[in-house]
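Structure, as structure tokens:
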Amino acid sequence: MAADTRTTPTTEADDPFVSVTGWGRTAPSTAFRWRPRTHEQAAAAVREWGARGGIARGLGRAYGDAAQNAGGCVLDMTGLDRIHSVDVAGGTVVCDAGVSLHRLMEVLLPLGWFVPVSPGTRYITVGGAIGAAVHGKNHHVSGAFTRHVSAFDLLLPDGSVRTVTPGTELFDATAGGMGLTGVVLTAVIRLHRVETSYMLVDTERATDLDEALARLAADAERHRYSVAWIDLLARGRSTGRSVITRGDHAPLAALPARARRAPLAFRPGTLPAAPVVVPPGLLNRATVGLFNEFWYRTSPRAGTGRLQRLTTFFHPLDGVPHWNRVYGRDGFVQYQFVVGHGQEETLRRIVRRIARRGCPSFLAVLKRFGEGDPGWLSFPVPGWTLALDIPAGLSGLGAFLDELDEEVVGAGGRIYLAKDSRLRPEVLAAMYPRLDDFRALRARTGADRVFTSDLSRRLSL
Amino acid sequence: MKDAFGTPQSLLVLGGTSEIGLAVARRLIARRTRTVRLAGRPSPDLETAADSLRALGADVRTIPFDALDPAAHEEILGKVFTEGDIDMVLLAFGVLGDQANDEGDPSAAVRVAQTNYTGAVSAGLVCATALQNQGHGSLVVLSSVAGERARRTNFIYGSSKAGLDAFAQGLGDALHGTGVHVMVVRPGFVRSRMTAGLPDAPLATTPEAVALAVEQGLRRRSELVWVPGTLRVVMSALRHIPRPLFRRLPV
């Protein structure tokens with residue numbers, strides 16, 4: 001593949017072959033990068049990218065290999081970043097798929113609107129949010145991001161574009177379909193009305209897992225956002241001790257006089273970036289244990305109505321650019337699963353096993369999901385989800401996580417594909433009952449020959 | 001595709017009856033590897049090896065491959081890659097030769113060199129190109145501690161491994177940044193069919209230990225792995241011993 005004049009590679013202009021990894025920085029592969037500036041360029045790329053296919057890539061926050069494509073193409077969507085229109089009265093936005101949630105917040109917050117669903121980072125694109133059917137702390141009330149998409153334009157395998165609306169097969173295959181049905185070009189998103197850019201936050205500690213579950217289950221509907229940070233290194237009686245955080249958008253009346261002058265200001269703070277080179281093994285049981293102890297002890301036993309900046313509440317890690325580097329050269333894997341209501345015993349067992357094994361994870365998040373979403377490969381189902389980061393260099397980790405998969409499958413649960421980098425292909429069908437429909441649709445539309453990623457090869461999606 | 005821990009789903013073993021090669025395959029099948037291609041000279045041994053891996057649940061096929069026939073490598077190995085991605089190629093063929101005899105029989109010595117070095121250069125380059133085209137994969141090359149410094153007792157074998165080792169390192173540099181990872185594995189004395197009847201050398205190891213080291217090396221994306229790891233220290237000392245002294249060492 002020679003350099004094409006119609007593409008505009010971003011930085012390494014003379015070398016569009018780039019090594020690509022996910023946010024976890026494991027399993028790199030090399031691909032040819034196209035960075036279209038127009039929808040026509042994107043369509044041309046799809047028509048011409050050859051036998052090893054291509055995959056759309058946004059800001060690279062998928063942890064695993066969902067947005068890399070060895071020996072083929074990655075379509076860098078960040079050049080397609082126009083916000084076409086905002087309906088300020090009705091609360092909808094029409095924008096390109098390459099627009100980040102960060103950019104949307106910058107534009108929409110001062111107008112009194114917020115994205116309907118935000119994951120733990122705002123540095124993801126709208127296209128990525130649809131492809132991964134991302135969820136946030138408000139899933140129990142609002143569902144996944146895709147529930148708030150009223151239409152999107154999809155670039156099909158033959159290079160044509162179709163407008164896709166909810167309730168159709170193509171919509172359900174694409175919502176959570178990991179970019180494997182086509183390339184989302186633009187989307188129409190319904191927004192959430194806010195009065196301020198602040199949150200009213202309640203914090204409480206739970207001394208063990210059962211208490212955490214009980215509290216998250218009780219009055220779940222009272223708060224729009226709820227989540228628990230869980231200390232997975234705590235063992236014995238305090239296994240599963242947690243800090244539960246709940247929040248709601250603060251009304252104007254809740255703000256002190258000074259903040260009321262600019263109630264909708266968007267002011268994300270930024271700390272220095274993580275260093276490029278990090279000594280191996282920095283995150284071990286001792287350092288993470290110390291951090292967890294500190295985090296648990298310094299969280300208020302029960303604090304209510306604390307005012308917090310929106311970015312602090314939703315995206316604490318976005319304040320540290322390149323925080324994924326702290327895991328060093330080996331990178332890290334994120335393990336996120338969900339088990340349905342009534343499977344709490346499985347959840348308890350998994351938490352006990354992780355605690356016993358001493359996985360140094362300082363980012364473990366427990367959340368209660370609400371109603372599931374229509375996407376065939378959409379992750380959330382009603383129940384409990386636990387997400388944790390683990391250094392990939394930990395010896396025996398692969399086999400250990402395979403064992404946890406068995407527990408998850410046994411309980412009818414599933415693993416989140418946007419974060420996966422290691423699942424055994426054999427267990428996938430049991431996790432996603434609509435997998436065959438998804439594969440059939442890909443074969444029918446010809447997408448299986450055009451849209452491929454390392455993830456789709458690894459799991460035969 | 002490889003997973004986050006570098007474990008391949010598909011494996012091509014060059015030297016399909018190699019005990020180390022099969023030990024590596026067994027270990028990887030226990031993790032993620034489902035497809036194995038065993039390349040070697042057609043023989044009952046090769047079929048037995050394939051059956052032993054099939055029994056572990058892998059989809060195994062044998063490929064007729066002769067290290068001494070480099071002219072055929074491109075066609076035979078290239079074809080393997082057209083049937084699907086190969087996540088890892090293990091270059092495991094090699095012969096020890098019979099030093100005492102081969103010193104007096106140059107044609108036998110040349111066969112050792114052609115198998116271990118020339119055959120590996122040809123097969124290695126064919127696979128490297130294919131891996132580069134698919135944009136990912138590992139090429140694991142079984143070198144030997146014998147290639148690190150030539151010894152009186154097996155310098156014909158040692159020199160062929162020295163050539164292979166240098167070739168593989170250079171290839172690794174050439175492929176840096178292409179998504180392809182080249183890993184050189186330098187085992188010490190491995191107790192196997194190849195060394196049957198020979199007295200154990202110090203720090204002797206087993207095919208299973210080499211397999212474990214390969215799995216760990218894949219996870220770390222290592223470029224050079226010693227088995228056992230202590231050999232790294234031992235050899236860095238031995239390398240600097242003056243020759244008059246080295247000659248007299250019982251190694």
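Residue numbers start from 1 in every chain, and the chains themselves are labelled A, B, ... in the order their sequence lines are given, proteins ahead of strands. Predicted model only: the values in this text are computed from it and were never measured.
The part of Arg52(A) that comes within reach of chain B is its side chain, from C-beta onward, which places non-hydrogen atoms under 4.5 angstrom from that chain. Interface residue Ser395(A): backbone and side-chain heavy atoms are both found under 4.5 Å from chain B. Both the backbone and the side chain of Arg221(B) come within contact range of chain A, each with at least one heavy atom under 4.5 Å from a heavy atom of that chain. Of the two parts of Asp87(B), neither the backbone nor the side chain holds a non-hydrogen atom closer than 4.5 Å to a non-hydrogen atom of chain A.
In summary, of the residues considered (Met88(B), Arg31(B), Lys2(B)), a side chain to side chain contact (heavy atoms under 4.5 Å, CB included) with Leu218(B) occurs for Met88(B) alone. When Val338(A), Leu428(A), Leu423(A) are each tested for a side chain to side chain contact (heavy atoms under 4.5 Å, CB included) with Ile415(A), only one passes: Leu423(A).
For the pair Ala120(B) and Phe167(B), the tightest heavy-atom approach, listed with the atom from each and the gap, is O-CE2, 3.9 Å. The shortest non-hydrogen separation linking Gly15(B) to Ala92(B) is O-CB, 4.4 Å.
In summary, Arg357(A) and Glu403(A) do not engage in a salt bridge, as defined by a charged side-chain N under 4.0 Å from a carboxylate O. In this structure, Arg458(A) does not pair ionically with Asp3(B), as no charged nitrogen and carboxylate oxygen lie closer than 4.0 Å. Salt bridge absent: Asp448(A) and Arg442(A) never bring a charged side-chain N and a carboxylate O closer than 4.0 Å. By the 4.0 Å N-to-carboxylate-O rule, Glu215(B) lies too far from Arg219(B) to be salt-bridged with it.
Between chain A and the options Ala4(B), Gly6(B), Gly84(B), the largest number of non-hydrogen pairs under 4.5 Å is found for Ala4(B). With chain B as the partner, the residue from Val20(A), Asp65(A), Asp454(A) showing the most heavy-atom pairs under 4.5 Å is Asp454(A). Ranked by heavy-atom pairs under 4.5 Å with chain B, the list Val333(A), Asp330(A), Asp402(A) is led by Asp402(A). Your options are Ser19(A), Ala31(A), Ala392(A), and the one with the most heavy-atom pairs under 4.5 Å with chain B is Ala392(A).
Distance alone, capped at 3.5 Å, is enough to place a donor-acceptor pair between the Arg34(B) side chain and the Ile29(B) backbone.
Listed by sequence position, Asn133(B), Gln134(B), Gly135(B), His136(B) are the residues of residues 125-146 of chain B in contact with chain A, using a 4.5 angstrom heavy-atom cutoff. At a heavy-atom separation below 4.5 angstrom, chain A is approached by Gly177(B), Thr178(B), Gly179(B) within residues 173-185 of chain B.
Geometric assessment of Arg25(A) against the ring of Tyr327(A) yields a negative cation-pi assignment under the 6.0 Å and 45° thresholds. A cation-pi contact, defined as under 6.0 Å to the ring centre and within 45° of the axis, links Arg414(A) to Tyr432(A).
Ring geometry, Trp34(A) versus Phe32(A): the interplanar angle exceeds 60°, so the pair is classed perpendicular (tilted spans 30 to 60°).
With rounding to the nearest 0.5 Å, the separation of CG in Leu14(B) from CG in Leu90(B) is 7.5 Å.
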